[in-house]
Trainee: 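Here it is: the structure, laid out below.
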Amino acid sequence: MSGNIDKEKLKKWVTRREVLAVSLVLFLFFGFYSIKLMGVSSVVATQQIVGKYTQEGELIHVALLKNNTLYGETLRREEYPIPLVESFVITYSYRFTPMTSIKGSYVTQGVVQYTVNKGSEEVVLWEEKLFEKSGKLKEGKFSVQYELNLTKLANRTSEIIEQLGLKRLNRKITFITRVNVEGNVYGREITESFEHSSSLVKDSSSGLYYFTNEKESTQKTIVEKGAKKTVVRIAGLPFYADTAKKVAPILALLFLTPLLGGVYTIRAQRPKNEFKDLGAYITEGAPIHVEKRVILATKEDLKKTFDLLDKPILHYKDGEEDVYTIIDGNIAYEYRHKNSENN
């Protein structure tokens, strides 16, 4: 007996409008987030800059001048008058920063090439080294110096021109430095190379010497990669995405259960589909202010009465009976059907 009472209470509870409304809202809410979270990654890749390291090279030049009353014995500037320059003192410096556990070696050299132009192509006929110096880095740096005597170079150029038998011969002076380093920087093992090339140009049209690409530097960044859980907010509260992706569908199904149960119960309590042809004319409700009741014995009597009066059919439950009533004025034509499910 108590089981039937509990069952009836549950039926009444799940069919209450406020329960169905709340269940519907919560189902739609969590269903929406279930779909939305499908495209959300549970983790996101992160990058954090640990540090940066730099390689820098610089060619510094100072001219040693012939006798003059203008500049003195030495001159340091971007351009130099060709007739005054006897030689150049060239200093090349390199450094790796930060100066941590870095080892490496270097080779720096000066090269002179004698070329001719073949259409748009430059053809090298002869090449000589002016100097070459090499060694190991000390505390991530090195510095070398060389004196380029232009008078001696001019004499050597004349010899080569005479040997080649060419009057139009171009001379190109290039300074090349190559460095290889390896070591530990910010906890990472690195292996790097560095190359710097600059030139000494003799511009006869302007009567000036000048150097190109005197400085060169490279910089790299050490990045620490990782991953962290994605955080999403539901109703203003933070949740990890992987947790929310599991919980939201469960909650949506949880609130769908009373919703489906309530809809099913309501439909089950409606009149059986015994009057398919009259279903559109049956509405829920009980008659009021009825002076006379006429009891109809069969379903066919109810259908005939409906055809004659052309009035809507009211349906309500009276205990264990389904009551179908057609109101005509103050007269109610009733057909009572005992629900077998309640027996």
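Just so we're clear, the structure is a prediction, and the values are computed from it rather than from any experiment.
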Trainee: Can you pull out every salt bridge (Lys or Arg N to Asp or Glu O under 4.0 Å) where at least one residue sits in residues 107-118? Sequence neighbours excluded, please.
Mentor: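 Sorted pair list comes back empty.
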
Trainee: Given Val294 and Glu334, is the side chain to side chain contact (heavy atoms under 4.5 Å, CB included) satisfied, shown in steps?
Mentor: CA-CA 6 Å; Val294 177; Glu334 288 187 353; over 6 Å; no

Trainee: Test side-chain hydrogen bond (donor to acceptor under 3.5 Å, both in side chains) on Thr298 and Asp301; report intermediate values, then the result.
Mentor: CA-CA 5 Å; Thr298 65; Asp301 292 339; 3.3 Å; yes

Trainee: Does the Arg77 side chain pair with the main chain of Ala63, one donor and one acceptor, at a distance under 3.5 Å?
Mentor: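 No, the answer is negative, given that no donor and acceptor are paired below the 3.5 Å cut-off.
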
Trainee: For the pair His196 (side chain) and Asn213 (backbone), establish whether a donor and an acceptor sit closer than 3.5 Å, ignoring hydrogens and angles.
Mentor: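 Yes, because the side chain of His196 sits within donor-acceptor range (under 3.5 Å) of the backbone of Asn213.
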
Trainee: Compare every heavy atom of Leu296 with every heavy atom of Tyr333, then report the nearest pair and how far apart it is.
Mentor: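 Where Tyr333 meets Leu296 most closely, the heavy atoms are CB-CD1, 4.0 Å.
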
Trainee: Leu130, Trp126: one ILVMFWY side-chain cluster at the under-4.5 Å cut-off?
Mentor: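 Linked within one cluster.
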
Trainee: State whether the side chain of Lys133 and the backbone N or O of Gln145 hold a donor-acceptor pair below 3.5 Å, judged by distance alone.
Mentor: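 Such a contact is found between Lys133 side chain and Gln145 backbone.
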
Trainee: Mind checking whether Thr91 and Ser143 have side chains closer than 4.5 Å, heavy atoms only?
Mentor: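 A side-chain contact under 4.5 Å exists here.
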
Trainee: Between Thr325 and Tyr316, is any pair of side-chain heavy atoms under 4.5 Å apart?
Mentor: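 Yes, close enough: below the 4.5 Å cut-off.
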
Trainee: Please round to the nearest 0.5 Å and tell me the distance separating atom CD1 of Ile176 and atom OG of Ser197.
Mentor: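 The CD1 atom of Ile176 sits 5.0 Å away from the OG atom of Ser197.
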
Trainee: So, the side chain of Thr212 versus the backbone of Ser199: is there a donor-acceptor pair under 3.5 Å, distance only?
Mentor: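 Yes, the answer is positive, given that a donor and an acceptor are paired below the 3.5 Å cut-off.
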
Trainee: For Phe306 together with Tyr281, are the ring centres under 6.0 Å from each other?
Mentor: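 When the ring centroids of Tyr281 and Phe306 are compared, they turn out to be within the sub-6.0 Å range.
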
Trainee: Relative to the ring of Tyr94, is the ring of Phe142 parallel (under 30°), tilted (30 to 60°) or perpendicular (over 60°)?
Mentor: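 Parallel, since the angle between the ring planes stays under 30°.
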
Trainee: Quick one: pull up CG in Asn67 and CG in Leu84 and give me the separation to the nearest 0.5 Å.
Mentor: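 Reported to 0.5 Å precision, the distance equals 10.0 Å.
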
Trainee: When you look at Ile161 and Tyr114, which way does the side chain to side chain contact (heavy atoms under 4.5 Å, CB included) test go after all the steps?
Mentor: CA-CA 9 Å; Ile161 291 174; Tyr114 297 93; 5.8 Å; no

Trainee: Where is the tightest heavy-atom contact between Ile327 and Pro287, given as atom of each residue plus distance?
Mentor: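 Distance-wise, the nearest heavy atoms are CD1-CB, 3.4 Å.
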
Trainee: Do Glu79 and Asp203 have side-chain heavy atoms sitting under 4.5 Å apart?
Mentor: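 The answer is no, as the side chains (C-beta and beyond) never meet within the 4.5 Å cut-off.
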
Trainee: Can you tell if the side chain of Phe175 reaches within under 4.5 Å of the side chain of His61, non-hydrogen atoms only?
Mentor: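 No, too far: nothing below the 4.5 Å cut-off.
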
Trainee: Out of curiosity, Glu182 CD to Ser193 OG, how far, rounded to the nearest 0.5 Å?
Mentor: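 Here the rounded value is 12.0 Å.
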
Trainee: With a 4.5 Å limit on heavy-atom distance, are the side chains of Tyr71 and Pro81 in contact?
Mentor: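 Yes, side chains in contact.
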
Trainee: Checking salt bridge (Lys or Arg N to Asp or Glu O under 4.0 Å) between Asp328 and each of Arg293, Lys311, Lys292, which is the one that passes?
Mentor: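 The residue from Arg293, Lys311, Lys292 that satisfies salt bridge (Lys or Arg N to Asp or Glu O under 4.0 Å) with Asp328 turns out to be Lys311.
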
Trainee: Report yes or no: do Phe88 and Tyr146 belong to one cluster of Ile/Leu/Val/Met/Phe/Trp/Tyr joined by side chain heavy-atom distances under 4.5 Å?
Mentor: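 Yes, because Phe88 and Tyr146 connect within a single hydrophobic cluster, where side-chain heavy atoms sit under 4.5 Å apart.
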
Trainee: Take Lys220 and Ile190, measure what side chain to side chain contact (heavy atoms under 4.5 Å, CB included) needs, and give me the verdict at the end.
Mentor: CA-CA 11 Å; Lys220 291 190 176 181; Ile190 65 162; over 6 Å; no

Trainee: Do Ile222 and Ile49 touch side chain to side chain, with heavy atoms closer than 4.5 Å?
Mentor: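 The answer is no; the side chains never approach within 4.5 Å.
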
Trainee: Please work out which of the three classes, parallel, tilted or perpendicular, describes the rings of Tyr324 and His315, given edges at 30° and 60°.
Mentor: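 Tilted: the ring planes of His315 and Tyr324 meet at 30° to 60°.
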
Trainee: In terms of heavy-atom contacts, does CD of Glu73 have more than 12 from other residues, nucleotides or ligands at under 6.0 Å?
Mentor: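 Open: at most 12 neighbouring heavy atoms sit under 6.0 Å from CD of Glu73.
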
Trainee: If we only count heavy atoms from C-beta on, is the Ile90 to Leu200 side-chain gap below 4.5 Å?
Mentor: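 Not touching, per the 4.5 Å side-chain cut-off.
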
Trainee: Are Val123 and Val112 joined in one hydrophobic group, where the rule is that I, L, V, M, F, W and Y side chains link up if heavy atoms are under 4.5 Å apart?
Mentor: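 Shared cluster, yes.
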
Trainee: Can you tell me how far the OG1 atom of Thr283 sits from the CG atom of Leu314, to the nearest 0.5 Å?
Mentor: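 It comes to 6.5 Å.
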
Trainee: Do the non-hydrogen side-chain atoms of Glu128 and Ile160 ever get within less than 4.5 Å of each other?
Mentor: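 Heavy-atom side-chain distance check passes, below 4.5 Å.
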
Trainee: Indicate if Ile326 and Val290 have the same hydrophobic cluster label, given that clusters are the connected sets of ILVMFWY residues with side-chain heavy-atom separations under 4.5 angstrom.
Mentor: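 Ile326 does not cluster with Val290.
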
Trainee: List the steps and the verdict of side chain to side chain contact (heavy atoms under 4.5 Å, CB included) for Glu216 and Gln55.
Mentor: CA-CA 8 Å; Glu216 181 72 27; Gln55 297 184 83; over 6 Å; no

Trainee: Charged N to carboxylate O below 4.0 Å: is that the case for Asp322 and Arg336?
Mentor: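 No salt bridge links Asp322 with Arg336.
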
Trainee: Quick one: pull up CG in Leu137 and NZ in Lys141 and give me the separation to the nearest 0.5 Å.
Mentor: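 Reported to 0.5 Å precision, the distance equals 11.0 Å.
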
Trainee: Could you tell me the separation between the NZ atom of Lys228 and the OG1 atom of Thr46, rounded to the nearest 0.5 Å?
Mentor: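 Going from the NZ atom of Lys228 to the OG1 atom of Thr46 covers 7.0 Å.
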
Trainee: Please tell me whether Tyr186 and Val181 are part of a single hydrophobic cluster in this structure, the criterion being side-chain heavy atoms less than 4.5 Å apart.
Mentor: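 Linked, Tyr186 and Val181 end up in one cluster.
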
